[in-house]
Amino acid sequence: MNSLEEKLKNPVWYSLQETHKEFLIEYDGVQFYDPEINNFGAFFNAEKTPEGLTQYAERIDKFFLVSEDGIPNINSDTTILERKIDGCQMVLENLTDVEINEEIVLLTTKHIDEVYDLIWLVMPGFYQKRGFEMGKFFGIFKDNKLVAISGQRMQTNDFIEISSVVTHPDYTRRGYAKQLIYHTAKDIIRENKLPMLHTNKGNLAIPLYQKLGFKLSRDMNWWLFCKK
């Protein structure tokens, strides 16, 4: 049985082995999410990635391999590496108490379109509408509309990733993100799992995460590919 630490080193891989195994697509030992759910993949053996990337590129325009320190190989006749995003992983050490003064709502399938629209407004490009199926989403409503959310993405038997933390540009600087992250982390802890998250190196939100009790644990690189 793999330890929590081993799973955190390759979170996409183990999510697809455990909680999200129903979304698994595998090509020659490289694992990917069903592209209608998410566009992440993972590997252990870089010798396998050229064929895996080639086949997955037939199903989705742009996609990632996520790796702590592995470097994927590619078939340059079929696949293009657009860029490498230098990211980092953060895990919760001790959750700092936060005063909740907003009503936080567990979102349901009737909110799928609103979640999708808000994420694409703030962070356009990669969220799939069926990403809602990866875990719980929580939201804050103002003026009869969804203005801030946090969600759950990768998960195993041991951890759940906090993701999709976005606030509508007209409603920022009101503490919504802090309250939502805290609420989501508390919900994960109630499931006896470790809250964790990923972000870009240098993200201005990192100090907020640290104030909430998250600590930087490792680099986590995102290799963005597309079909040639």
Student: Is the count of non-hydrogen atoms from other residues, nucleotides or ligands lying under 6.0 Å from Lys129 atom NZ greater than 12?
Tutor: yes

Student: So His20 and Phe23, would you call those rings parallel, tilted or perpendicular, with 30° and 60° as cut-offs?
Tutor: tilted

Student: Any Lys/Arg nitrogen of Glu191 or Lys186 sitting under 4.0 Å from an Asp/Glu carboxylate oxygen of the other?
Tutor: no

Student: Does CG in Leu216 sit with more than 12 non-hydrogen atoms of other residues, nucleotides or ligands closer than 6.0 Å?
Tutor: yes

Student: Over 60° means perpendicular and under 30° means parallel, so classify the ring planes of Tyr209 and Phe214, tilted if in between.
Tutor: perpendicular

Student: Pro35: what forms a side chain to side chain contact (heavy atoms under 4.5 Å, CB included) with it, not counting sequence neighbours?
Tutor: Ile25, Tyr56, Arg59, Ile60

Student: Quick one: are the ring centres of Phe40 and Phe63 less than 6.0 Å apart?
Tutor: no

Student: Less than 4.0 angstrom from a charged side-chain N to a carboxylate O is my criterion; do Arg174 and Glu102 meet it?
Tutor: no

Student: Minimum heavy-atom separation for Asn221 and Glu68, please, with both atom names.
Tutor: ND2-O, 3.0 Å

Student: Give me the atom names and distance for the closest heavy-atom approach of Leu121 to His168.
Tutor: CD2-CD2, 3.5 Å

Student: Ion pair present between Lys9 and Asp69, side-chain N to carboxylate O less than 4.0 angstrom?
Tutor: no

Student: If you measure from the Lys or Arg side-chain nitrogens to the Asp or Glu carboxylate oxygens, is any gap between Lys48 and Asp28 under 4.0 Å?
Tutor: yes

Student: Of the non-hydrogen atoms in Met123 and Ser164, which two are nearest, and what is the gap between them?
Tutor: CE-CA, 4.4 Å

Student: Between Glu99 and Lys178 (salt bridge meaning N to carboxylate O under 4.0 Å), is one present in this structure?
Tutor: no

Student: Relative to the ring of Phe141, is the ring of His111 parallel (under 30°), tilted (30 to 60°) or perpendicular (over 60°)?
Tutor: tilted

Student: Is Lys193 positioned over the aromatic face of Phe159, cation under 6.0 angstrom from the ring centre and no more than 45 degrees off axis?
Tutor: no

Student: Is there a salt bridge (charged side-chain N to carboxylate O under 4.0 Å, His left out) between Lys227 and Glu58? Walk through the geometry before answering.
Tutor: CA-CA 7 Å; Lys227 180 179 178 181; Glu58 295 294 329; 3.1 Å; yes

Student: Specify the closest pair of heavy atoms between Trp120 and Tyr127, including all atoms of both residues, with the distance to one decimal.
Tutor: NE1-O, 2.8 Å

Student: Is Trp223 reachable from Phe32 through a run of I, L, V, M, F, W or Y residues, each pair having side-chain heavy atoms under 4.5 Å apart?
Tutor: yes

Student: Within a strict 4.5 Å, meaning less than it, do heavy atoms of the Asn192 and Ile189 side chains meet?
Tutor: no

Student: Tell me whether the count of non-hydrogen atoms from other residues, nucleotides or ligands lying under 6.0 Å of CD in Glu26 goes above 12.
Tutor: yes

